[in-house]
There are 4 protein chains.
Amino acid sequence: MSQGVRPTQQARSRETRDKLVRALDEKLRVKAFADVSIAELAEAAGLSVGAVYRRFENKDAFIPVIFELYRERLEAFMAGEGRIEIEPANGLRAALHTACRVAWSFLDKHGYLVRATHIYSRLRPDLVGDDWEAMLDQARQSADQLLDLFGDEVKRQDRVEAAQMFTYLMNTLPIERGIYREEGAAVVLTISDEQFVAAIADTLYGYLVTPDRHDD
Amino acid sequence: MSQGVRPTQQARSRETRDKLVRALDEKLRVKAFADVSIAELAEAAGLSVGAVYRRFENKDAFIPVIFELYRERLEAFMAGEGRIEIEPANGLRAALHTACRVAWSFLDKHGYLVRATHIYSRLRPDLVGDDWEAMLDQARQSADQLLDLFGDEVKRQDRVEAAQMFTYLMNTLPIERGIYREEGAAVVLTISDEQFVAAIADTLYGYLVTPDRHDD
Amino acid sequence: MSQGVRPTQQARSRETRDKLVRALDEKLRVKAFADVSIAELAEAAGLSVGAVYRRFENKDAFIPVIFELYRERLEAFMAGEGRIEIEPANGLRAALHTACRVAWSFLDKHGYLVRATHIYSRLRPDLVGDDWEAMLDQARQSADQLLDLFGDEVKRQDRVEAAQMFTYLMNTLPIERGIYREEGAAVVLTISDEQFVAAIADTLYGYLVTPDRHDD
Amino acid sequence: MSQGVRPTQQARSRETRDKLVRALDEKLRVKAFADVSIAELAEAAGLSVGAVYRRFENKDAFIPVIFELYRERLEAFMAGEGRIEIEPANGLRAALHTACRVAWSFLDKHGYLVRATHIYSRLRPDLVGDDWEAMLDQARQSADQLLDLFGDEVKRQDRVEAAQMFTYLMNTLPIERGIYREEGAAVVLTISDEQFVAAIADTLYGYLVTPDRHDD
DNA sequence: AATGAATGAGACTTCATTCAT
DNA sequence: CATGAATGAAGTCTCATTCAT
């Protein structure tokens, strides 16, 4: 094989992969990954079943793709409409409200991906590998910066713990309502989206400004 | 309908059902419901496949059983080791810490059931029906009482919203770490269980004592 | 066992059997025998599955019952509303029209039994045994009598053949439309029931009055 | 969609289908369709169960195939040995005898298909759809032509009714004996096939030449 | 290499029949 | 004896994966 062909093949290979990723994205909008068959995916991508197995060893090999999609969307969002301009002068609470509003708008648009990601980060953590941890770590670093920025308002002594908990809360609080809407624990809520977003922002705020407890 | 025979058969019938419920319980400890086949369940219960279908119309009919199990465990727990003695004199924060410790210890033991319940309250809300909502409503009522008890400490104006959010948070915050442990958003946490429990108690506390915000 | 009990038991046994026969009759009105399960039959008869198997060795043992039912109905019909008063003076054609009208009215009422009987006389001729042949033979004898009565009008030389064919036609011509109505060969017919009955009577008549062919 | 590959696959695909159709044909010679399992069919065709489901959505999807088989055989028959040369000069009766002989010889060879077709045109008229009606309609048109050809001999006033009844009779009279032989109403007949065929031809003839009745 | 036909294990479900109570 | 719970073979169908063309 002459070397001149490779780039073409690589390009074609990449293209094939992209088709599959797009097809998966489309499918995940309407059904769970477990309910998507390879044949279905192949058809949606305009490929044959055999071609799919040429790119992916087996069905499980698509799971990392879900994360890839998630990350792509998140990065695009953060670089675009999700870019947060924090105004230190307005204080921590305002910053958190802004952050929660932004997080909520991401969930609103890409909830189906967040759902799939969440499910498989639990169901098959082995297949997700470092991607997930890397993303969370990045989130933790952002949290660190935020805590530094409002160091005087934050009353938590242990900054490491605070950054971890902040990340944990940020990835936990809105999700339940954001991706499962009328099911799960969210059914107890009758408040509007706006009220809910404000409430979780206040929850984060409350955690950060509550001084450590000295007993128990 | 004659008496004298029925009781025996009913007992046998009940026993079969119990065997199946126990078998399901065992299986849920180690794998997801979707991955448990009827044949597997039958074998674990020491029954034939046909016997399963005499008690349960189809596989879906087991989903309510998961909730039943959950509720049973929860009630037994609440009546036993989970009974909370709230000492109003110690204040809201102490009460929340106690409540979270108790909730955590339930999750620690019955997390697999909570997981299955959570998954199916989302996946098949139609099959879960009112059970789930009834449980949440009961939780909301308990929240109401707690808020009343510490009415002077709570700064939230809208008590209805506060009770709802309290319930939502109580059913959301510990779950992620409690049932998925090393996976999901919880991987970011390096803190100990005790620290985590304290942190979420503080989070709840922070939410309740944070006064309403007057702008936006 | 004292002898005094027997009659009671026999009576009870008979009663059980009757219940089952009635239940089967009900079921055959709405579905095919193959689609009636033993459990269904037992329930409809107000009996247990075990009780059914005490009276009938297996499901196939019900097939003769279908014939029994058929014969009962036919005999009751012939003794009642189906009793034909043939007026020799009116001629063969009038007699046939009357006979066909009567046959049609039986089909109209008991078509579902005729259908089941027909199906099983083909599907499991071994289980039907002599019942079916006996019935047909009786019909043939009636045909014989009719041919004798109108001996001068009938032009068929071979009276044995004529009686057989008459029976065959009588059990064939109306059935198709009578029990399958809008399906099968009957879909080609747009004529009314009355016209149809008249047409098959004329068909029978035409056969009987057509002289033998002397060639080929 | 590229050419060069498809033909092969299409041929393979077609071949598989043909194998299944042939296997079905073989099975229908010896047992009812309902008693043929998919696994059995697959084995007879030298295929796996999955391959069957690639060609046919479900078992019901084979029912139209039965009709397809029937029609194929009928058309091949009509174009070959079943081609009827009607000699108008010999009259209606001779024509009918010829037609019945031909029909009988078809039944003799392909009775098992006719049986299956008849059963399913009743059992699942929804799956048979227009095929059946189309065939009957074609038969009715042939009947029309025949009646025209022998217009002077036919005494039935209503030609539309006569054509319909002729079709009905042609599809009813021989069938019973033709496809169920020693079972059903045919058991009453001790006459030979030749005599039987002559008798039904005379029956058809008798119907057509019997003038309308003017009373009742 | 690409295609999609074929494979075959395994899932759910039904129901005639048996048998413990 | 009656009851109806239990059995288990058999049927339909799905789909991840393999492989002939």
Side-chain angles (χ1 to χ4, degrees), chain A residues 9 12-13 16 34-43 47-54 56-60, chain B residues 1-2 4-17 19 34-42 45-60, chain C residues 1 9 12-13 16 34-43 47-54 56-62, chain D residues 1-2 4-17 34-42 45-60:
Chain A
Q9 291 206 343
R12 205 212 279 183
S13 176
T16 299
D35 296 331
V36 181
S37 74
I38 294 293
E40 188 181 359
L41 210 52
E43 178 162 17
L47 295 169
S48 68
V49 170
V52 176
Y53 276 88
R54 167 151 292 275
F56 294 90
E57 194 185 346
N58 53 33
K59 196 180 172 184
D60 280 351
Chain B
M1 298 288 174
S2 70
V5 180
R6 242 344 131 69
T8 311
Q9 300 238 349
Q10 276 181 359
R12 196 184 180 194
S13 182
R14 176 82 211 170
E15 198 184 322
T16 297
R17 197 195 137 91
K19 275 184 201 161
D35 296 331
V36 181
S37 76
I38 294 293
E40 188 180 358
L41 209 52
L47 293 167
S48 67
V49 169
V52 177
Y53 279 91
R54 167 157 281 271
R55 287 310 135 211
F56 295 91
E57 194 183 346
N58 51 35
K59 196 182 170 185
D60 279 352
Chain C
M1 288 287 178
Q9 293 206 343
R12 206 213 275 184
S13 176
T16 299
D35 296 332
V36 181
S37 73
I38 295 293
E40 188 181 358
L41 210 52
E43 178 162 17
L47 295 169
S48 67
V49 170
V52 176
Y53 275 88
R54 168 150 292 278
F56 294 91
E57 193 185 348
N58 52 34
K59 196 182 171 184
D60 280 350
F62 278 95
Chain D
M1 298 291 171
S2 70
V5 181
R6 243 342 132 69
T8 311
Q9 300 241 350
Q10 276 182 2
R12 196 183 179 193
S13 183
R14 176 80 211 170
E15 199 184 322
T16 298
R17 196 195 138 91
D35 296 332
V36 181
S37 76
I38 294 293
E40 188 180 357
L41 209 52
L47 293 167
S48 66
V49 169
V52 176
Y53 279 92
R54 166 159 282 270
R55 287 311 134 209
F56 294 91
E57 195 184 345
N58 51 36
K59 196 182 170 184
D60 280 352

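Atom CD of A/Glu43 is separated from atom P of E/dG4 by 10 Å (rounded to the nearest Å). A straight line from CZ of C/Phe62 to P of E/dT17 spans 10 Å, rounded to a whole angstrom. The separation between D/Asn58 atom CG and E/dC12 atom C1' is 16 Å, rounded to whole Å. Protein atom CZ of D/Arg14 is 18 Å distant from nucleotide atom C1' of E/dG4, rounded to whole Å. Going from atom CG of A/Leu41 over to atom P of F/dC15 covers 13 Å, rounded to whole Å. To the nearest angstrom, P of E/dT17 lies 9 Å from NZ of C/Lys59. One atom, CG of A/Asp35, and another, P of F/dT14, lie 13 Å apart when rounded to the nearest Å. A/Ile38 has its CD1 atom 7 Å from the C1' atom of F/dA16, to the nearest Å.
The OH atom of B/Tyr53 sits 4.5 Å away from atom CD1 of B/Ile38, with the distance rounded to the nearest 0.5 Å. Taking CD of B/Glu15 as the start and CG of B/Leu47 as the end, the distance is 9.0 Å to the nearest 0.5 Å.
Along DNA chain F, the nucleotide closest to B/Val49 and the one closest to C/Val49 are compared, and the more 5′ of them pairs with C/Val49. Annotation: of the two residues near DNA chain E, B/Ala34 and D/Gly50, the 5′-most nearest-nucleotide partner is D/Gly50.
When the side-chain nitrogen and oxygen atoms of C/Ser48 are compared with OP1 and OP2 of F/dG4, none of them lie within a distance under 4.0 Å. Between F/dC13 and D/Tyr53, a contact under 4.0 Å exists linking OP1 or OP2 to a side-chain N or O. Dashed line: the shortest gap from a side-chain N or O of D/Arg54 to OP1 or OP2 of E/dA5 is under 4.0 Å. At F/dA6, one or more side-chain N or O atoms of B/Arg55 fall inside 4.0 Å of OP1 or OP2 (strictly under the cut-off).
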Self-check item: Verdict with reasoning, D/Arg55 to D/Ser13, per side-chain hydrogen bond (donor to acceptor under 3.5 Å, both in side chains)
Solution: CA-CA 8 Å; D/Arg55 287 311 134 209; D/Ser13 183; 2.6 Å; yes
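Counting only distance, with no hydrogens or angles, the side chain of D/Lys59 and the backbone of D/Val36 share a donor-acceptor pair below 3.5 Å.
Side-chain atoms of C/Phe62 and C/Val52, non-hydrogen and from C-beta on, do get closer than 4.5 Å to each other.
Checked against F/dT17, E/dT14, F/dT7, the side chain of B/Ala51 finds its nearest nucleotide in F/dT7.
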Quiz item: For DNA chain F, what dot-bracket results from Watson-Crick or G-U pairs at under 3.5 Å, with [ ] for crossers and | for inter-strand partners?
Solution: .||||||||||||||||||||
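Among the heavy atoms of the strands, none lies under 4.0 Å from C/Leu47.
Scanning for side-chain contact (heavy atoms from CB on, under 4.5 Å) contacts around C/Ser37 gives C/Ala39, C/Glu40, with sequence neighbours left out.
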